[in-house]
Amino acid sequence: MRTPRVLALAAAGVLAGGALAACSDDAGSGGDAAAGGPIPVNATDSACEVATTDVDAGTVTFKVTNKGVKVTEFYVYAQGDRVMGEVENIAPGLSRELHVELPAGTYETACKPGMVGKGIRGALKVKGSAAPLTADAALAAATESYQRYVKSQTAALLEKTQEFVTAVKAGDAAKAKELFPVARTYWERIEPVAEIFGDLDPKIDGREEVIEEGMEFTGFHRIEKDLWQTGDISKSGPMADRLMTDINEIVAKANAEKLSPLQLANGAKELLDEVATGKITGEEDRYSHTDLWDFNANVEGSKAAIASLRPVLEERAPDLVKQLDAEFANVDTALSKHRAGDGWKLHNQLTQDELKELSDSINALAEPISKVAAVVAK
Amino acid sequence: MNRRRAIALAGFGVVGAGAAAGAAALLREDHPATAGTSGAVDFYGERQAGIVTPAQDRLHFVAFDVVTKDRARLVEMLREWTEAAARMTAGKDAGLIGAVDGIPEAPPDDTGEALGLPPSGLTLTVGFGPSLFRNADGVDRFGLAAQRPAALADLPRFPGDALDAKISGGDLCVQACANDPQVAVHAIRNLARIGFGTVSVRWSQLGFGRTSSTSTSQATPRNLFGFKDGTANLKAEEEALLREHLWVQPGDGPSWMEGGSYAVTRKIRMLIETWDRTSLVEQEAIVGRAKGTGAPLGLKDEFDELDFAVKGADGAPAIGEVAHVRLAHPDHNNGARLLRRGYNFVDGSDGLGRLNAGLFFISYQRDPHKQFVPVQMALARNDVMNEYIRHVSSGLFACPAGVREKGDFWGRALFG
């Protein structure tokens with residue numbers, strides 16, 4: 001969840017004015033938790049105090065209050081950093097609730113002040129008498145887990161795209177340029193889901209050369225071209241509105257879609273294929289050269305899909321899980337060399353050798369990931 | 001230009017003789033080919049196949065960098081490669097399951113483009129580069145530094161080299177030769193896939209039209225300059241010569257290389273258009289052989305022993321002082337001989353519309369520093385042909401003895 005701090009703070013205004021108006025003003029007390037009420041979480045810039053670290057299996061509610069000065073996020077992770085639930089963009093002074101279904105097991109909670117890094121972690125034990133999952137139940141749980149991930153990403157996608165659109169319409173090219181790769185991050189993490197919905201994907205993310213005769217060049221890359229190549233966004237407003245409309249439509253569809261476990265497995269692979277074909281080459285963001293943002297988002301999305309399937313994979317193919325963990329770590333290591341500030345170097349700042357190293361790490365990861373679907377199917 | 005002119009004049013004397021000998025010598029081209037072009041070549045054996053195996057018509061050569069630091073993982077990949085190579089050279093799928101019989105949801109363990117094709121004489125030959133033992137920073141990456149043979153020391157820089165590092169060197173190489181290009185490409189593609197995460201493809205080269213004969217059963221082919229190439233090559237049938245010049249013998253160096261051979265690869269770009277504007281007499285003078293028959297200048301038959309004493313009509317030696325065949329001849333290189341196995345290549349055209357083409361030279365020898373290096377040094381310094389060629393890539397690899405039986409694997413003697 002790497003969101004540049006500057007942008008995250010900019011987002012706070014939007015959130016405070018709108019979506020969070022319903023949030024209450026107090027983090028509540030420990031007594032609520034004992035009574036089955038929300039578990040208070042006091043988040044500051046240096047601490048993440050969760051009122052209780054032992055809860056019963058079932059639906060658990062956290063109420064996260066940000067008492068720091070940085071925008072924060074709150075996560076519940078299962079093993080392998082599988083996201084069980086998260087809330088993002090909690091501005092200073094606000095509180096938000098997280099509802100999460102947790103089977104018995106050991107988890108971690110995390111606050112991420114500044115919305116960067118691994119966060120401030122704490123242990124969470126969930127007890128209960130949940131029956132051992134049958135294979136099918138495990139797969140069902142995997143898709144539910146991924147569904148939660150999609151939901152969290154689409155929420156952020158809507159927010160960030162709206163900010164981007166607003167900047168474009170306001171004629172603020174500098175801000176729009178900053179927001180372009182940020183909004184795309186949430187898009188790129190869940191792109192295989194978006195691709196299910198036919199021509200919405202090309203409308204939103206189509207590159208100039210894929211446009212068929214009679215079809216208009218619209219979406220992110222059209223505005224990217226306006227911003228970086230022609231430098232004129234005075235007429236881009238309608239295009240920005242249209243992007244927002246299309247994003248709203250695809251988010252509604254994505255949240256309603258029930259994915260199969262095989263779609264998860266293949267999605268994880270497809271995200272890496274996206275990296276190998278479009279991002280490594282710099283084809284995707286040819287005007288802005290912000291391909292590494294997409295690259296990282298694709299890898300994170302792939303990781304999230306694998307994390308959802310993790311319990312199934314650990315039972316059926318533990319060696320494969322070890323290999324995937326190692327290769328994901330290698331990709332992260334190779335990619336992290338190219339961080340720049342809160343974001344990433346531009347594609348055209350990388351040497352051929354550096355791109356080759358990234359390409360190798362993606363190939364090394366994509367081969368074992370291509371075996372996941374077979375494990376899920378058996 | 002002066003040297004070109006000089007040799008052109010020297011060559012004039014032999015035109016008549018070369019042309020007259022043409023018809024008779026053409027008969028020699030009809031040597032029967034004994035090796036079937038579609039059958040399988042034994043993978044297991046004392047020697048690696050693909051060295052003295054009658055040269056197939058097609059090549060896909062690939063060099064890899066090892067990207068893992070884990071020696072066990074590298075060894076495991078070599079085992080997997082060996083099993084896949086044994087299957088593919090027998091005309092089977094790369095994996096045990098195959099291209100079409102697996103789980104529908106899984107990618108097949110063979111890529112499938114060779115389905116229905118015969119083994120096509122496929123050979124796969126592995127080699128280990130100097131950088132596998134110590135990298136450019138001198139680091140002993142896999143505990144192999146003490147095993148590095150002296151013969152595998154880096155090649156010197158040759159005058160005129162225009163090497164591109166990106167298409168040179170490599171920790172490992174695999175030479176795939178076959179009579180069907182699809183079969184050779186299929187083999188390399190599947191090995192690369194098996195190797196993802198352990199090795200990374202550094203460069204690869206496609207070749208066609210073998211440019212030398214490794215067996216007396218083969219007619220001498222032509223290179224892209226239109227000349228017969230490899231007439232004086234070492235041949236599979238010359239066992240004593242092979243022991244002397246090709247196979248690493250006990251006592252030559254570390255025992256893991258006994259029975260193996262060293263491969264040198266050079267990608268030689270030919271300046272085709274310039275060559276094609278050169279007169280026949282000058283072309284022949286540069287090579288030292290007649291273009292039609294392949295006979296040494298001043299003699300009649302392709303297989304006539306080179307005779308540097310023969311004089312042309314003008315009284316000067318028929319084969320000039322700087323003719324290619326003279327400079328490359330064992331008599332002028334301490335008796336050094338090579339087993340050549342090169343291929344023509346055409347990588348399309350370059351940005352200037354010139355054919356991006358030439359010779360992918362491969363030679364095998366017992367010790368490259370005693371054989372390839374002196375010959376190439378002589379050529380690089382003096383060969384008039386250098387005006388028409390550029391050496392753009394270079395590789396050196398130690399190719400161990402053969403995989404003896406199932407369970408044995410490429411590199412077992414090295415990795416122990």
Side-chain angles (χ1 to χ4, degrees), chain A residues 139 142 259-270 272-273 275-276 280 299 305 309 312-313 316-317 319-320 322-334 337 351-378, chain B residues 62-74 76-77 79-81 84 94-112 131 135-137 141 164-172 188-204 393:
Chain A
L139 286 175
L259 293 171
S260 77
L262 274 178
Q263 279 175 307
L264 256 63
N266 289 323
K269 181 189 76 76
E270 284 159 16
L272 299 181
D273 292 345
V275 173
I280 288 280
V299 172
L309 290 165
V312 181
L313 298 179
R316 300 183 186 178
D319 288 348
L320 182 60
K322 274 187 209 136
Q323 198 184 353
L324 292 175
D325 284 349
E327 298 296 357
F328 267 119
N330 282 340
V331 171
D332 286 344
T333 304
K337 293 176 190 169
T351 65
Q352 198 60 39
D353 285 348
E354 288 169 334
L355 291 170
K356 176 88 184 319
E357 187 191 13
L358 290 173
S359 176
D360 286 343
S361 69
I362 287 295
N363 278 335
L365 173 59
E367 265 306 300
I369 276 197
S370 75
K371 296 179 178 131
V372 169
V375 176
V376 169
K378 77 182 171 189
Chain B
V62 62
F64 295 92
D65 288 328
V66 178
V67 292
T68 184
K69 293 191 171 84
D70 182 349
R71 176 175 162 137
R73 185 170 174 178
L74 174 59
E76 183 54 33
M77 184 204 71
R79 281 183 196 277
E80 286 180 43
W81 267 10
L96 280 170
I97 297 167
V100 291
D101 293 329
I103 306 170
E105 290 81 3
D109 66 10
D110 180 274
T111 52
S131 52
N135 67 13
D137 299 326
R141 303 158 69 193
D164 177 353
K166 287 195 179 63
I167 53 169
S168 296
D171 297 332
L172 297 172
I188 294 299
R189 173 176 166 188
N190 281 275
L191 293 181
R193 189 184 157 168
I194 290 167
F196 277 145
T198 309
V199 293
S200 157
V201 173
R202 183 179 174 86
W203 55 271
S204 78
S393 112

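Naming: A, B, ... by sequence-line order, numbering from 1 per chain. Just so you know, these numbers use all the heavy atoms, side chains as well, and skip hydrogens, waters and symmetry mates. None of these values were measured; they are calculated from a predicted model.
Scanning both residues, Ser370(A) and Pro107(B), for their nearest heavy atoms gives O-CD, 3.0 Å. Lys356(A) approaches Arg202(B) most closely through the heavy-atom pair NZ-CA, 4.1 Å.
By number of non-hydrogen pairs under 4.5 angstrom with chain B, the leading residue of Asp360(A), Asn363(A), Val376(A) is Asn363(A).
Looking at Glu357(A), there are no atoms closer than 4.5 Å to chain B (heavy atoms on both sides), in backbone or side chain. Val199(B) does not touch chain A: none of its heavy atoms, backbone or side chain, sits under 4.5 Å away. With a threshold of 4.5 angstrom between heavy atoms, Asp353(A) approaches chain B through side-chain atoms but not through N, CA, C or O.
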